[in-house]
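Report on the following structure.
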Amino acid sequence: MARIVAGVGTSHIPAVGAALDRGEHGNAYWAPIFAGFEGARDWLAGIAPDVAIVVYNDHASAFSLELTPTFTLGLAEVFRPADQGYGRRKVPDVAGHPDLAVHLLERLVADEFDMAQALEMDVDHGLTVPLSVLCGTPPAWPFPVIPLAVNVIKYPQPTARRCFRLGEAIGRAVASYPEDLRVAVIGTGGMSHQLQGERAGLWNPEFDRAFLDDLTADPERLAALDHVTLVRDAGSEGMELIMWLVMRGALGTAPRESYRFYHYPASNTALGLIAFET
Ligand code: DHB
Ligand code: FE
């Protein structure tokens with residue numbers, strides 16, 4: 001039987017990927033940030049999951065603004081890094097896990113979560129930067145990945161509670177997969193940030209720290225946050241944090257917090273990382 005052994009919430013800031021790709025991660029600006037990733041890398045290498053479900057959002061890379069599914073599961077054998085205007089990141093292609101992905105699709109739809117299906121999907125910084133954060137620069141990613149894309153960029157986004165409940169359904173679906181697999185769930189995006197408008201550059205450490213605390217202690221409080229509160233307190237793009245609730249829902253009650261890192265600024269956002277074991 002498959003089981004979820006670990007969960008991670010992490011920002012997916014494109015400049016973090018660019019710093020690594022250009023070899024600038026050791027400079028004065030980035031070194032403290034990459035030092036903060038090291039504990040999570042060592043921890044995840046120790047966990048060595050067989051497969052990871054990465055909950056991320058597409059930033060109008062694979063989907064156009066004319067077609068915006070709310071929840072999409074990637075069923076392919078392989079996913080290529082998307083060209084976001086500067087060419088594809090020179091990171092490994094992302095191997096999928098079609099068997100488990102199809103099982104998740106069947107179970108989630110039976111559980112009344114109507115997932116869209118992607119047989120081909122390029123993956124943008126929302127997915128590849130977290131892999132870089134957690135795995136560094138290996139010649140191949142150390143585990144296959146099932147991408148789960150959530151619409152957070154275009155109104156109306158799913159509620160925080162819907163994301164949390166989707167995570168709980170993922171937990172049930174994984175538990176009904178017959179093969180022995182150790183599964184990690186990675187939620188990406190956040191933390192507080194706003195990239196445009198008068199409040200561009202916003203950060204809210206009080207909100208972020210309370211969010212990190214309650215991911216462990218009181219995720220139902222976070223699941224009750226409405227969109228207006230999220231946008232007001234975390235910024236328009238801080239809404240991405242609802243994807244961390246998919247991860248947290250999948251972990252069940254009382255996972256153990258293994259690692260935490262919080263830093264500001266990275267690019268123009270607050271950067272957070274939290275790791276759990278079940
Ligand atoms: C930026 C983009 C993102 O998608 C994000 O989540 C954080 C920061 C950026 O362009 O700086
Ligand atoms: Fe983003």
Side-chain angles (χ1 to χ4, degrees), residues 8-22 24-25 27 29-30 33-34 36-37 40 54-65 68-72 74 79 81-89 91 94 121-134 145 147-155 157-158 160 163 186-205 207-208 211-212 215 227 230-231 233-247 261-274:
V8 182
T10 172
S11 302
H12 61 217
I13 303 161
V16 166
L20 204 56
D21 298 347
R22 295 181 191 149
E24 293 168 3
H25 52 290
N27 72 22
Y29 184 86
W30 291 109
I33 293 169
F34 280 84
F37 296 155
V54 180
V55 186
Y56 76 108
N57 68 292
D58 180 73
H59 303 73
S61 305
F63 305 129
S64 67
L65 292 176
T68 311
T70 300
F71 296 120
T72 304
F79 304 90
D83 181 348
Q84 298 186 250
Y86 301 92
R88 297 178 191 270
R89 279 191 74 205
V91 294
V94 179
M121 182 166 68
D122 286 355
V123 287
D124 71 12
H125 67 267
L127 188 140
T128 65
V129 167
L131 291 181
S132 298
V133 165
L134 294 169
V145 166
L148 196 175
V150 178
N151 167 43
V152 299
I153 67 169
K154 194 172 169 196
Y155 178 86
Q157 295 89 340
C163 289
I186 301 170
T188 86
M191 295 198 82
S192 57
H193 68 295
Q194 173 144 341
L195 300 176
Q196 23 75 42
E198 280 177 20
R199 298 203 307 160
L202 167 147
W203 79 300
N204 186 343
F207 174 89
D208 288 338
F211 193 95
L212 291 168
L215 264 185
H227 288 163
L230 279 165
V231 170
D233 291 350
S236 51
E237 280 73 34
M239 164 82 76
E240 289 177 338
L241 284 168
I242 63 176
M243 296 183 290
W244 295 32
L245 291 173
V246 180
M247 174 276 291
F261 176 60
Y262 184 71
H263 182 94
Y264 178 88
S267 186
N268 49 7
T269 90
L271 182 156
L273 196 164
I274 192 165

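Remember, it's 1-based here, ligands and their atoms both numbered in the order they're listed. These numbers come from the heavy atoms of this one structure, side chains and all, not from hydrogens, waters or symmetry mates.
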(request) Using modelled atom types only, decide if a donor and an acceptor are shared between the side chain of T10 and the backbone of T188 within a distance under 3.5 Å. (result) no
(request) Return the residue, atom name and 0.1 Å-rounded distance of the protein heavy atom closest to atom 7 (C) of ligand 1. (result) H193 NE2, 3.2 Å
(message) Among the N, O or S atoms of E240, which one sits nearest to the Fe ion (ligand 2)?
(response) OE2
(request) Give the ring-plane orientation class for W244 versus F211, where under 30° counts as parallel, over 60° as perpendicular and anything between as tilted. (result) perpendicular
(request) Verify, without hydrogens or angle tests, whether D233 (side chain) and F207 (backbone) share a donor-acceptor contact under 3.5 angstrom. (result) no
(request) Please write down residue, atom name and distance for the protein heavy atom closest to atom 3 (C) of ligand 1. (result) H125 NE2, 3.5 Å
(request) Report, in ascending order of atom number, the atoms of ligand 1 lying under 4.0 Å from any heavy atom of N268. (result) 11 (O)
(request) Please step through salt bridge (Lys or Arg N to Asp or Glu O under 4.0 Å) for the pair D124 and R89, ending with a clear verdict. (result) CA-CA 9 Å; D124 71 12; R89 279 191 74 205; over 6 Å; no
(request) Answer yes or no as to whether an N/O/S atom of H59 is found below 2.8 Å from the Fe ion (ligand 2). (result) yes
(request) Check ligand 1 against E240 and write out every atom of the ligand that is under 4.0 Å from a heavy-atom position of the residue. (result) 4 (O), 6 (O)
(request) Provide the number and element of each atom of ligand 1 under 4.0 Å from a heavy atom of H59. (result) 4 (O)
(message) I'd like to know if the side chain of D208 reaches the main chain of S192, judged simply by a donor and an acceptor atom lying under 3.5 Å from each other, with no hydrogens or angles considered.
(response) yes
(request) Distance to 0.1 Å, residue and atom name: give those for the protein heavy atom nearest to atom 8 (C) of ligand 1. (result) T269 CG2, 3.4 Å
(request) Return the residue, atom name and 0.1 Å-rounded distance of the protein heavy atom closest to atom 11 (O) of ligand 1. (result) S267 OG, 3.2 Å
(message) Only heavy atoms of H12, strictly under 4.0 Å: list the atoms of ligand 1 that pass.
(response) 4 (O), 5 (C), 6 (O)
(message) If you count every heavy atom of other residues, nucleotides or ligands that lies below 6.0 Å from E198 atom CD, does the total exceed 12?
(response) no
(request) Determine yes or no for a side-chain-to-main-chain donor-acceptor pair under 3.5 angstrom, with E237 supplying the side chain and L195 the backbone. (result) yes
(message) Are Y56 and V123 packed together at the side-chain level, in the sense that at least one heavy-atom pair is separated by less than 4.5 angstrom?
(response) yes
(request) Considering the heavy atoms of P14, write down every atom of ligand 1 situated less than 4.0 Å from one of them. (result) 1 (C), 2 (C), 3 (C), 8 (C), 9 (C), 10 (O)
